[in-house]
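Okay, structure first, notes after.
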Amino acid sequence: MIDKTVGSVEEAVAGIRDGATIMIGGFGRAGQPVELIDALIAQGASDLTIINNNAGNGDVGLAALLAKKRVRKILCSFPRQHDSWVFDGLYRAGEIELELVPQGNLAERIRAAGAGIGAFFSPTGVGTQLAEGKEIRVIDGRLYALEYPIKADVALVSAYRADRWGNLVYRETARNFGPIMASAATTTIVQVDEIVPLGSLDPESVVTPGIFVDRVVAVGHRSWLDDGSFVGGVDIEGRPLADASTGSATGNRSATGEGTDQ
Amino acid sequence: MIDKTVGSVEEAVAGIRDGATIMIGGFGRAGQPVELIDALIAQGASDLTIINNNAGNGDVGLAALLAKKRVRKILCSFPRQHDSWVFDGLYRAGEIELELVPQGNLAERIRAAGAGIGAFFSPTGVGTQLAEGKEIRVIDGRLYALEYPIKADVALVSAYRADRWGNLVYRETARNFGPIMASAATTTIVQVDEIVPLGSLDPESVVTPGIFVDRVVAVGHRSWLDDGSFVGGVDIEGRPLADASTGSATGNRSATGEGTDQ
Amino acid sequence: MSTDTSPATRITREQLAARVAQDIPEGSYVNLGIGAPTLVADYLPGDQEIILHTENGMLGMGPSPERGQIDPDLINAGKQPVTALPGAAYFHHADSFGMMRGGHLDVCVLGAFQVSQGGDLANWSTGAPGAIPAVGGAMDLAIGAKNVYVMTDLLTKTGESKLVEACTYPLTGVGCVTRVYTDHAVFDITPEGFAVREAFGDNTLELLAELTGLELTDAAAPGTREGE
Amino acid sequence: MSTDTSPATRITREQLAARVAQDIPEGSYVNLGIGAPTLVADYLPGDQEIILHTENGMLGMGPSPERGQIDPDLINAGKQPVTALPGAAYFHHADSFGMMRGGHLDVCVLGAFQVSQGGDLANWSTGAPGAIPAVGGAMDLAIGAKNVYVMTDLLTKTGESKLVEACTYPLTGVGCVTRVYTDHAVFDITPEGFAVREAFGDNTLELLAELTGLELTDAAAPGTREGE
């Protein structure tokens with residue numbers, strides 16, 4: 001019997017080595033595999049190269065990993081955000097290397113790695129600083145720059161539901177980088193809200209087939225879902241509202257136990 | 001209100017011009033837009049370039065289009081089949097041009113056209129006759145050949161259900177080339193079993209978003225479905241069995257009214 | 001708008017958003033960039049269907065949710081909470097950016113630091129030393145639509161024209177902008193440079209030429225450019 | 001099998017399929033090519049889960065349907081009716097071939113006209129003049145798995161070896177085959193050429209060398225190649 005599920009996030013991230021290249025899914029906090037990142041922090045691997053769209057928000061998740069000085073280099077499209085103070089500090093202090101990639105080239109290069117494409121000509125970024133040094137070619141009268149695949153040793157992905165074969169479905173725009181990162185890493189580790197029996201996922205609607213997935217761990221329903229139903233009652237960071245039942249919002253209230261990790 | 005639905009297959013294929021390049025979905029007969037092809041035959045456009053995985057089966061659909069001498073050139077991966085006699089005859093007589101493309105390169109080149117990729121390096125076919133004359137490059141120790149996008153003026157696609165925005169879902173392995181061809185043509189024309197109200201398709205499960213679709217026509221449930229439920233009772237060509245209710249199979253029985261079109 | 005350096009009529013950001021919205025026909029697939037362009041959504045006619053794309057992975061984006069109905073999984077490219085309309089579809093990042101790069105969007109509306117008369121766009125970096133670079137989808141958006149509209153003030157706070165002969169800020173895209181909507185006027189990018197398509201209030205071609213320091217043509221005048 | 005040109009033991013096609021099946025561990029993702037390789041499915045152990053890929057767009061392919069339950073939308077790459085197991089997933093052609101090209105399949109089993117000692121495969125065209133060329137997914141399959149197994153008779157009907165120094169038929173892929181299962185023996189492709197991994201019945205390395213006209217090594221012998 002094939003069973004890719006593991007019992008804990010610790011087990012899920014076991015064996016990640018110092019110096020590894022790790023893709024981390026998510027766009028901002030949507031689809032960010034928070035529990036797996038926390039487990040990676042606890043696991044202790046260092047000297048990492050991280051591939052993510054952003055460079056961490058606030059003091060949790062990827063930002064906490066950066067704060068622990070575990071990351072040598074980050075490859076992303078948009079590090080600078082209103083709450084990227086951890087990255088900002090490290091970058092200004094010269095303690096982290098940054099490779100900036102336009103978001104669509106980042107996505108396509110990750111997809112290329114998963115699909116066995118050796119390189120491809122992209123029109124994005126041509127004529128800008130970010131294409132400097134790249135091979136430029138005119139095809140059908142348009143300028144393109146040659147872009148190479150981005151692959152990783154490990155991908156950490158957050159999906160919604162999985163079965164024991166590792167088939168995945170996502171939820172709304174939290175899908176973002178999950179499917180392509182799952183295809184581009186040697187070992188793909190996925191956290192989901194719940195693991196459902198084999199055959200419960202509609203084969204027409206599976207977004208990531210299990211062939212791309214190595215380990216799956218269930219971390220329980222996200223706080224704005226109750227048994228898979230949307231109940232709202234959180235702010236955009238996923239923190240409970242002061243009074244969720246009436247729908248009033250206090251966006252700046254900090255959640256219980258979600259302080260810094262330092 | 002956006003309404004991409006049209007009332008008839010005649011309306012769906014209206015305006016296709018002589019000399020057009022036309023992608024036709026389907027792998028063998030699964031997903032082949034038979035009704036649209038019949039409408040194209042009736043519409044009369046000629047001197048066509050056709051992109052399809054195969055080169056027609058039996059005497060219907062694409063084979064019938066070929067038999068009418070409407071096709072100047074065909075670009076496909078597998079023309080020769082046990083029932084490709086129409087193509088075989090034309091090819092041997094020098095009356096049709098053939099460009100043979102390995103199936104995965106065909107798919108990826110179509111995808112590249114839809115995704116705005118100028119060209120890409122593929123390992124498939126390198127060192128074989130089918131890569132002769134192509135630009136070869138070593139990347140990371142492996143040989144690749146440069147492949148260019150394949151785009152079309154028109155794509156004819158068969159899907160399962162659509163809404164009036166043109167969002168599509170497919171059925172099983174009949175999905176095959178539909179999604180990528182829909183993305184690679186200037187005008188994408190789709191036949192579906194039924195058009196459902198906007199909002200009835202699960203946004204998590206839409207396979208082809210409506211942005212890739214220009215016209216949709218409903219042609220009624222395929223004969224092995226009854227109100228969307230599988231009832232079987234056909235052979236692999238979709239022809240009714242002699243006695244469908246008991247499930248006996250007479251694979252060679254020809255269906256009523258499905259003779260040649262000549 | 002604290003330092004008013006121009007004597008000319010200037011429309012408000014909201015009026016400008018409404019003006020851009022006017023040029024987006026029903027049935028268009030549209031991506032509205034982060035910042036001011038997002039405002040355009042508020043002025044799209046409610047009785048027409050215009051399908052919004054957000055590059056993080058959705059078509060059919062709807063307005064902000066009610067309070068208490070925020071879903072952190074459902075956000076736009078600015079990471080703000082949004083909703084999904086009936087007819088929406090989700091897709092992953094490679095598909096989403098392929099959709100843009102492949103030229104399937106009809107309109108993209110972007111902000112700008114500078115636009116050159118050749119249609120070059122600079123909107124991702126001021127090139128200031130020590131600044132942390134961040135590009136996101138800016139370069140993909142810049143080349144990612146049939147019509148790339150820029151929405152911006154004509155002048156910086158210190159009175160310099162954002163329409164320029166050649167950009168001095170780092171480029172986002174080359175020759176990609178098709179039209180510029182400013183608080184003074186609407187400009188088309190033509191082979192002859194900027195052409196004034198519509199001047200608001202008491203703005204004239206002459207005044208705009210003075211403010212920008214550029215030679216401008218009249219988009220409406222016959223002979224200055226090929227038909228619309 | 002009508003013209004028996006070899007005095008050596010030959011196992012049947014069914015026995016060969018069973019032998020290939022033996023080497024496919026549980027949990028493998030496997031693509032079985034059209035023709036004889038399809039037989040391998042019948043010999044995969046029923047109590048183990050091995051996930052079959054069909055390049056027209058499915059993982060989790062099941063056996064042929066019952067009569068009367070044929071679904072023309074659910075076919076394999078040979079266009080035969082199949083079924084879908086619980087846990088199956090459908091995808092489009094670009095995703096399906098990306099899965100192969102990207103090296104995600106563990107095993108692919110293919111037929112062959114010829115295999116060279118360098119691992120080149122010829123299986124798509126005899127190069128006969130006037131023949132209609134057709135390649136399908138052959139070239140993608142040839143490079144599309146971590147292990148590319150060929151399943152074939154050792155000799156043609158006229159007694160010529162299909163294992164050759166260099167292919168004379170048009171190539172499908174260069175250096176792509178990792179192992180060859182024949183009716184006489186199983187051969188690994190090694191840097192030194194073909195190594196006999198298992199000889200069936202009274203076949204010996206010497207007899208096989210004679211039948212093929214090639215220098216062969218013993219895969220089991222120490223020093224002939226790096227570990228398994």
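Chain letters run A, B, ... following the sequence lines, proteins first, then strands; residues in each count from 1.
Rounding to the nearest 0.5 angstrom, the gap separating the CE atom in C:M100 from the OG1 atom in A:T124 is 8.0 Å. Interatomic distance, CG of A:D83 versus NZ of C:K79, reported as 8.5 Å (0.5 Å rounding). Here OG1 of A:T173 is found 11.5 Å from CD of C:E55. Values are rounded to the nearest 0.5 Å. Taken to the nearest 0.5 Å, the OG atom of A:S122 stands 11.0 Å off from the CZ atom of C:F97. Within the model, atoms CG of A:N176 and NE2 of C:H93 stand 5.5 Å from one another, a figure rounded to the nearest 0.5 Å.
In the displayed structure, A:E95 atom CD is contacted under 6.0 Å by more than 12 heavy atoms of other residues, nucleotides or ligands. The number of heavy-atom neighbours closer than 6.0 Å to CD of A:E204, taken from other residues, nucleotides and ligands shown, is above 12. A 6.0 Å sphere centred on NZ of C:K162 holds more than 12 heavy atoms belonging to other residues, nucleotides or ligands.
With a 4.5 Å cut-off on non-hydrogen atoms, A:F177 touches chain C through its backbone and its side chain both. Of the atoms belonging to A:I236, heavy atoms from both backbone and side chain fall under 4.5 Å from chain C. Residue contact with chain A, scored on non-hydrogen atoms closer than 4.5 Å, involves the backbone and the side chain of C:Y90 alike. Both the backbone and the side chain of A:R171 come within less than 4.5 Å of a heavy atom in chain C. With a 4.5 angstrom heavy-atom cutoff, A:F87 touches chain C only via side-chain atoms.
A centroid separation of 6.0 Å or more is found between the aromatic rings of A:Y170 and C:H92.
Residue with the most contacts toward chain C among A:S84, A:G31, A:G238, A:P123: A:P123 (heavy-atom pairs, distance under 4.5 Å). In terms of heavy-atom pairs under 4.5 Å with chain C, the best-connected choice from A:L130, A:L143, A:V207, A:L98 is A:L130. Interface check for chain A: of the options C:N76, C:I143, C:T172, the most heavy-atom pairs under 4.5 Å are formed by C:I143. Among C:D120, C:V135, C:L74, the residue with the largest count of heavy-atom pairs under 4.5 Å with chain A is C:V135. Between chain C and the options A:C76, A:A174, A:A55, A:G178, the largest number of non-hydrogen pairs under 4.5 Å is found for A:A174. Most heavy-atom pairs under 4.5 Å with chain A, from the set C:A122, C:P65, C:A77: that is C:A77. Ranked by heavy-atom pairs under 4.5 Å with chain A, the list C:L141, C:D140, C:D95 is led by C:D140. Of the listed residues (C:G57, C:G136, C:A94), the greatest number of heavy-atom pairs within a distance under 4.5 Å of chain A belongs to C:G136.
Among all heavy-atom pairs drawn from C:I70 and A:F230, the shortest one is O-CZ, 3.6 Å. Taking both residues in full, the closest heavy atoms of A:G127 and C:L171 are given as O-CD1, 3.8 Å, listed atom of the first, atom of the second, then distance. Taking all atoms of both residues into account, the shortest heavy-atom contact from A:E108 to C:R101 is CB-NH2, 3.5 Å. Looking at every heavy atom in both residues, C:I75 comes nearest to A:A30 through CD1-CB, 3.7 Å.
No donor-acceptor pair closer than 3.5 Å links the side chain of A:T128 to the backbone N or O of C:G173. In this structure, the side chain of A:R80 engages the main chain of C:I132 through a donor-acceptor pair within 3.5 Å. Under a 3.5 Å cut-off, the side chain of A:R29 and the backbone N or O of C:P72 do not form any donor-acceptor pair.
Using a 4.0 Å cut-off between charged nitrogen and carboxylate oxygen, A:R222 and C:D73 count as a salt-bridge pair.
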